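Notes to accompany the following structure.
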Amino acid sequence: MIITETDRLILRHFEARDTKAIFLLNSIPEVLTYIPGEPMTSLSQAEQIFENVISTSYRDRGYGRWAVEHKADGKVIGFCGPTFITEFNEVELGYRYLPQYWGQGIGYEAGAAALECFKNYDIHEAIALILLGNKGSEGVARKVGMKERNRDKFMGHKVNVFHKVL
C-alpha cells in the first residue's frame with residue numbers, strides 16, 4: 001500500500017518481498033553505528049522482524065515503519081515512518097537508509113513527506129530518539145522542523161529527544 005510519493009521516492013508498506021532490504025538495513029555495521037542492538041546475521045531474522053514487528057504494527061495501530069523505495073532504481077533503500085514507543089507513550093518518526101544514499105537529501109525528503117501523512121493516522125505530535133553523536137540524524141530531525149526537547153535514555157543508551165507538534 002502506497003502511503004505517499006515525492007519526486008524521487010515512494011513511501012509504502014513493507015511487504016514480505018522486502019525482507020532482503022530489511023536484512024541489509026539491520027546488518028551493515030556502518031548503518032548500525034548509532035542503533036542499539038547487534039547486527040542481523042540471517043535473512044530469517046529479517047523475516048521475523050517483518051512478521052512480528054512491522055506487520056503487527058500495521059495491523060494493531062494502522063501504521064508502522066514504511067519502506068522508502070527509490071524511484072530511479074526501484075530499490076528499497078531505507079525506511080521512514082511512525083512507530084509507537086511504549087516507554088515514552090509517544091509516536092516516533094524513525095528513519096534509516098543505506099549508506100550509498102546518504103548525503104543526497106533523501107532523509108529530509110522522506111521525513112517531511114512522512115510527517116505530512118501522520119495526520120491521516122490521528123498523530124498530532126512526533127518525536128525522534130537519536131543516540132548521542134548521530135549528527136546526520138539530528139540534521140534530518142532539525143530540517144523537518146523538530147526541536148531538541150531533552151536528553152533521556154532509550155534501550156540503555158543516552159538519546160537526544162527531538163519533538164514536533166504537527
Side-chain angles (χ1 to χ4, degrees), residues 1-85 91-121 123 126-131 133-146 162 164 166:
M1 177 173 126
I2 292 177
I3 305 301
T4 191
E5 293 187 45
T6 68
D7 289 343
R8 299 183 293 171
L9 310 170
I10 297 170
L11 276 66
R12 61 169 175 79
H13 277 195
F14 274 102
E15 300 169 0
R17 66 184 168 102
D18 298 319
T19 53
K20 281 186 180 176
I22 294 168
F23 175 74
L24 282 174
L25 290 163
N26 289 284
S27 64
I28 299 172
E30 188 179 7
V31 173
L32 302 175
T33 302
Y34 296 103
I35 307 297
E38 295 299 313
M40 286 184 179
T41 56
S42 72
L43 197 55
S44 66
Q45 291 171 298
E47 292 166 353
Q48 289 174 5
I49 290 292
F50 173 74
E51 290 297 328
N52 300 331
V53 179
I54 297 169
S55 293
T56 299
S57 183
Y58 293 161
R59 184 182 63 248
D60 294 350
R61 297 201 175 270
Y63 61 81
R65 302 288 197 223
W66 298 319
V68 176
E69 186 176 312
H70 196 252
K71 288 179 178 179
D73 57 24
K75 293 180 182 175
V76 173
I77 62 167
F79 70 73
C80 183
T83 197
F84 185 78
I85 305 293
V91 176
E92 181 194 33
L93 170 68
Y95 39 88
R96 187 180 310 168
Y97 303 97
L98 297 173
Q100 60 265 41
Y101 297 92
W102 293 353
Q104 299 176 29
I106 289 194
Y108 166 73
E109 187 174 330
L115 286 172
E116 285 292 318
C117 295
F118 277 30
K119 63 183 175 283
N120 300 335
Y121 299 91
I123 302 168
I127 60 170
L129 303 173
I130 302 172
L131 265 68
N134 189 345
K135 299 301 180 197
S137 285
E138 287 183 359
V140 170
R142 284 187 179 95
K143 209 166 179 185
V144 299
M146 295 181 133
F162 286 75
K164 181 176 184 175
L166 305 172

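Note that the numbering runs from 1 along the sequence shown for the chain. What you see is a predicted model, and the numbers here were worked out from it, not measured in a lab.
- Closest heavy-atom contact between Met1 and Glu15: N-OE2, 4.2 Å.
- Taken to the nearest 0.5 Å, the OG atom of Ser137 stands 11.0 Å off from the CG atom of Leu129.
- Summarising the geometry, atom CD1 belonging to Ile35 is positioned 7.0 Å from atom CG belonging to Leu131; distances are rounded to the nearest 0.5 Å.
- Side-chain atoms of Trp66 and Thr4, non-hydrogen and from C-beta on, never get closer than 4.5 Å to each other.
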Query raised in the report: Is there a side-chain contact (heavy atoms from CB on, under 4.5 Å) between Asn26 and Arg96 once you walk through the steps?
Result: CA-CA 9 Å; Asn26 289 284; Arg96 187 180 310 168; 2.6 Å; yes
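- The shortest distance between side-chain heavy atoms of Leu93 and Phe118 falls below 4.5 Å.
- Here the closest heavy-atom approach between residue Arg12 and residue Val76 is recorded as NH2-CG2, 3.2 Å.
- For the atom pair Leu25 CG and Tyr95 OH, the distance stands at 15.0 Å (nearest 0.5 Å).
- Residue-environment remark: CD (Glu116) stays at or below the threshold of 12 foreign heavy atoms within 6.0 Å.
- Between Tyr101 and His70, the two ring planes are tilted [angle within 30° to 60°].
- Judged by a 6.0 Å distance limit and a 45° cone about the ring axis, Arg65 is not positioned over the six-membered ring of Phe79.
- Of all the heavy atoms in Ser57 and Gly64, the pair that sits closest is OG-CA, 3.6 Å.
- The aromatic rings of Tyr58 and His13 lie parallel to each other, with less than 30° between the two planes, well short of the 60° mark.
- Considering only heavy atoms from C-beta on, Glu30 comes within 4.5 Å of Trp102 through its side chain.
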Report task. Report the C-alpha separation of Tyr97 and Val68 in whole Å, then their side-chain angles, then the decisive distance to 0.1 Å, and conclude whether the side-chain contact (heavy atoms from CB on, under 4.5 Å) test is met. Result -> CA-CA 8 Å; Tyr97 303 97; Val68 176; 4.0 Å; yes
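- Here the straight-line distance linking atom CD of Gln45 with atom CD1 of Ile22 works out to 12.5 Å at 0.5 Å rounding.
- Considering only heavy atoms from C-beta on, Lys75 stays 4.5 Å or farther from Leu98 through its side chain.
- Residues Val140 and Met146 have side chains not in contact (no heavy-atom distance under 4.5 Å, counting atoms from C-beta outward).
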Report task. Determine, step by step, whether Gln104 and Glu109 satisfy the side-chain contact (heavy atoms from CB on, under 4.5 Å) criterion, reporting the C-alpha distance in whole Å, the side-chain angles of both residues, the deciding distance to 0.1 Å, and the verdict. Result -> CA-CA 9 Å; Gln104 299 176 29; Glu109 187 174 330; over 6 Å; no
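- Note that the CZ atom of Arg61 and the OG1 atom of Thr56 stand 11.5 Å from one another [nearest 0.5 Å].
- Side chain of Thr83 to backbone of Glu92: no donor-acceptor contact under 3.5 angstrom is found.
- Between Ile28 and Pro39, the closest side-chain pair of non-hydrogen atoms is not below 4.5 Å.
- Lys71 and Ile10 make their closest contact through CE-CG1, 3.8 Å (heavy atoms, listed as atom of the first residue, atom of the second, distance).
- Residues Ser55 and Phe50 have side chains in contact (heavy-atom distance under 4.5 Å, counting atoms from C-beta outward).
- Note: Arg142 CZ to Tyr108 OH = 15.5 Å, rounded to the nearest 0.5 Å.
- Within 6.0 Å of atom CD in Gln100, more than 12 heavy atoms from other residues, nucleotides or ligands are found, so the atom counts as buried in its surroundings.
- The minimum heavy-atom distance linking Leu11 with Cys80 is given by the pair CD2-O, 4.3 Å.
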Query raised in the report: Does the side-chain contact (heavy atoms from CB on, under 4.5 Å) test come out yes or no for Tyr121 and Val91, once each step is laid out?
Result: CA-CA 11 Å; Tyr121 299 91; Val91 176; over 6 Å; no
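- No more than 12 heavy atoms of other residues, nucleotides or ligands sit less than 6.0 Å from atom NZ of Lys143.
- Contact detail for Ser27 and Pro29: the closest heavy-atom pair is O-CD, 3.2 Å.
- Taking the side chain as every heavy atom from C-beta outward, Phe162 and Ile130 approach each other to under 4.5 Å.
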